[in-house]
Student: 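Sending over a structure as structure tokens; questions will come in a sec.
The analysis underlying the following values was restricted to heavy atoms, covering all of them including side chains, and did not include hydrogens, waters or symmetry mates. By convention here, the first residue in the shown sequence is residue 1.
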Amino acid sequence: LLTLVLDTHAAVENHSLSFDADAHHALARRAAAESAVLLKNDGDLLPLAAGASVAVIGDFAETPRYQGAGSSAVNSIKVDTFLDCLKDSGLHSVGFAAGFDRQGKPDDAKKAEAVALAKKADTVLLCLGLDEIKESEGLDRADMKLADNQIELLQAVQQANPNTVVIVSAGASLETPWLAHCRALVYGALGGQAGAGAMVDVLTGKINPSGKLAETWANTHADTPAKDNFAGAGRTVQYREGLYVGYRYYQTAGVPVAFPFGYGLSYATFEIADVAVAKTGANTATVTATVTNTSDVDASETVQVYVAPGKADVARPKHELKGFTKVFLKSGESKTVTIDLDERAFAYWSEKYNDWHVESGEYAIEVGVSSRDIADTVAVALDGDGKTQPLTEWSTYGEWEADPFGAKIVAAVAAAGEAGELPKLPDNAMMRMFLNSMPINSLPTLLGEGGKKIAQFMVDEYAKLSK
């Protein structure tokens, strides 16, 4: 850290101490808008037309939850509020009601005020989320739920006005058993100092939502791979998921989810075609696809490439995201996207070799717009990296057969057996089952003195070939 400070000191000293705060804020607004994820939009309720009357409900509209709590909090140069940004949106606000207590206390008066307001507008913009106590540095979330008072408010508001848009401010995924009680759902995450203005841009269609979920939204905490270990007893949490974190678990185990990894709707529609893969090296490839905007809305789509291994020596997830690209397309426009896959895209960490390892064989290349929305799948055959481990008398007969040098020696054993130079190994399913899983120094147990001769022959021949 001190080296970094000393190395960058001169650059900091020579840099201007002033900056364009408005330009920074505008960039923050654009980033937040492009990151917002449209999760539901029944009947194309969004975007809202200019002049539409809206009722704004929810404490977060007035006091935004835009960043983390604890030491992650920063002093922003400016913080937008949803209510202030709505004034210049072209929408007609019929009023605001807090609707609920931010810390979860029941408040029938606030709920009644919100329900009455909801009846006066074409559409309700309901700002819900997790408060600073629900998720903060230094403590674990107790659950994956919205506060009960917020869900009760949603149900009451939706009965008063079915055109309800829920806007969620939260730093992580939520259970959504209440999803049927809204026509549209937009996840703004923690949108930063300009997040409120960005959300207005998305709701009005000034910016088309193009964000994608960076984590799966499970139906319930009980569906998650961490359910048995999180949170742990006392000060200890055991991470037992191994490789099967997030979508790698849900996809491999076939667990239904509310919203999959990589998911995100748009006001536009797209088509992915002409998916192809070309091998560019022993263990590398290039994926191409044509993306077409089939709507009358200019918008962006994120093309995602998942790699699914074929037969493998170790347990691997069903597929893994290995590349993606975001492409902007005008209405009716088509573009070809290219995503390169390097050797690591096909590799896994091997405890056997204490290194990254690419197995030879066929890999499926899946191209789509989420982990569960795959437009097309193509295949590529790789050579593998050829890694081998030295064979010894403790290596199993199956490991000898799988090794490039060992396979030649196994063939030599069979030939010598046919020629009468070595004992002939019995060739039946039961014997093969035993041989594949036992070290060759156990051959005398099965074959007596003849097994000892075979094992010694194999070790001696390997010494010659591997010099």
Side-chain angles (χ1 to χ4, degrees), residues 32 36 39 55-76 79-86 93 95-118 124-161 164-179 181-182 185-196 198-199 215 217-218 220-222 224 230-231 235 237 258:
L39 295 175
V56 182
I57 299 172
D59 180 77
F60 295 99
E62 185 175 43
T63 308
R65 172 85 202 287
Y66 68 98
Q67 64 172 330
S71 63
S72 64
V74 298
N75 296 318
S76 303
V79 178
D80 288 343
T81 71
F82 190 76
L83 291 178
D84 286 342
C85 293
L86 203 65
S93 175
F96 165 72
F100 59 86
D101 176 83
R102 194 180 184 94
Q103 269 69 56
K105 297 176 183 177
D107 194 320
D108 291 337
K110 287 184 176 180
K111 182 166 69 172
E113 178 190 13
V115 170
L117 181 65
V124 174
L125 303 179
L126 183 54
C127 299
L128 306 178
L130 300 179
D131 62 67
E132 294 79 2
I133 298 174
K134 272 269 192 180
E135 52 178 9
S136 175
E137 180 188 39
L139 55 88
D140 294 325
R141 288 172 65 184
D143 53 49
M144 294 171 57
K145 303 174 181 178
L146 282 176
D148 289 342
N149 66 339
Q150 294 187 41
I151 297 175
E152 291 167 4
L153 173 66
L154 167 59
Q155 293 169 341
V157 165
Q158 189 258 348
Q159 288 181 355
N161 188 334
T164 297
V165 178
V166 171
I167 301 159
V168 171
S169 299
S173 63
L174 297 166
E175 295 177 5
T176 55
W178 40 264
L179 189 61
H181 295 286
C182 63
L185 172 60
V186 188
Y187 177 51
L190 301 181
Q193 66 180 50
M199 184 56 65
E215 62 178 328
W217 283 35
T220 69
H221 175 255
T224 69
F230 185 85
R235 299 172 66 88
V237 176

Student: If we ignore hydrogens and angles and just use 3.5 Å, is the side chain of Thr224 paired with the main-chain N or O of His221 as donor and acceptor?
Tutor: yes
Student: Could you tell me the separation between the CG atom of Leu185 and the CH2 atom of Trp217, rounded to the nearest 0.5 Å?
Tutor: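 So the CG of Leu185 and the CH2 of Trp217 are separated by 6.0 Å.
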Student: Return the CG to CG distance between Asn149 and Asp108, rounded to the nearest 0.5 Å.
Tutor: 10.5 Å
Student: For Asp143, what residues pass the side chain to side chain donor-acceptor pair (under 3.5 Å) criterion, not counting sequence neighbours?
Tutor: Lys134
Student: Under 3.5 Å, is there a donor-acceptor pair between the side chain of Ser93 and the main chain of Gly95?
Tutor: yes
Student: Decide yes or no for Leu130 and Leu174: does some side-chain heavy atom of the first lie under 4.5 Å from some side-chain heavy atom of the second?
Tutor: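 The answer is yes; the side chains approach within 4.5 Å.
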Student: Using 0.5 Å steps for rounding, measure from the CZ atom of Arg141 to the CZ atom of Phe230.
Tutor: 8.5 Å
Student: Is a side-chain donor or acceptor of Gln67 paired with a backbone partner of Gln193 at a separation under 3.5 angstrom?
Tutor: no
Student: Run the side chain to side chain contact (heavy atoms under 4.5 Å, CB included) check on Arg65 and Leu190 step by step: do they pass?
Tutor: CA-CA 7 Å; Arg65 172 85 202 287; Leu190 301 181; 3.7 Å; yes
Student: Give me the atom names and distance for the closest heavy-atom approach of Ala114 to Ala97.
Tutor: CA-CB, 3.8 Å
Student: Do Glu135 side-chain atoms and Ala170 backbone N/O form a donor-acceptor pair below 3.5 Å?
Tutor: no
Student: Let me confirm one number: the CD1-CD distance from Ile133 to Gln103, rounded to the nearest 0.5 Å.
Tutor: 4.5 Å
Student: Output, in order, the C-alpha distance, side-chain angles, deciding distance and verdict of side chain to side chain contact (heavy atoms under 4.5 Å, CB included) for Ile167 and Phe82.
Tutor: CA-CA 11 Å; Ile167 301 159; Phe82 190 76; 3.9 Å; yes
Student: Are side-chain N/O atoms of Ser71 and Glu137 paired as donor and acceptor at under 3.5 Å?
Tutor: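 Distance-only check passes for Ser71 and Glu137.
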Student: Have a look at Asp59 and tell me which of Arg102, Lys110, Lys105 forms a salt bridge (charged side-chain N to carboxylate O under 4.0 Å, His left out) with it.
Tutor: Arg102
Student: When you look at Leu126 and Leu153, which way does the side chain to side chain contact (heavy atoms under 4.5 Å, CB included) test go after all the steps?
Tutor: CA-CA 9 Å; Leu126 183 54; Leu153 173 66; 3.9 Å; yes
Student: Could you tell me which non-hydrogen atom of Gly99 sits nearest to which non-hydrogen atom of Ile57, and how far apart they are?
Tutor: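 In terms of heavy atoms, the two residues are closest at CA-CG2, 4.3 Å.
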Student: Using atom types as modelled and distance alone, determine if a side-chain donor or acceptor of Asp107 lies under 3.5 Å from a backbone N or O of Asp101.
Tutor: no
Student: Can you tell me how far CD of Gln155 sits from OG1 of Thr164, rounded to the nearest 0.5 angstrom?
Tutor: 11.5 Å
Student: Which pair of heavy atoms, one from Gly129 and one from Leu146, lies closest together, and at what distance?
Tutor: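 Distance-wise, the nearest heavy atoms are O-CD2, 3.6 Å.
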Student: Could you give the distance from OG (Ser169) to CG (Asp131), rounded to the nearest 0.5 Å?
Tutor: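 Reported to 0.5 Å precision, the distance equals 11.5 Å.
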Student: Please report the closest heavy-atom contact between Ala36 and Val186, naming both atoms and the distance.
Tutor: CB-CG1, 4.5 Å
Student: Take the angle between the ring planes of Phe100 and Phe60 and call it parallel below 30°, perpendicular above 60°, tilted in between.
Tutor: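 Tilted.
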Student: Check Ala69 against Ser136 and note the closest heavy-atom contact, atom names and distance.
Tutor: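 Of all heavy-atom pairs spanning Ala69 and Ser136, the closest is CB-OG, 3.4 Å.
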Student: Of all the heavy-atom pairs spanning Gln150 and Leu128, show the shortest one and how long it is.
Tutor: OE1-CB, 3.2 Å
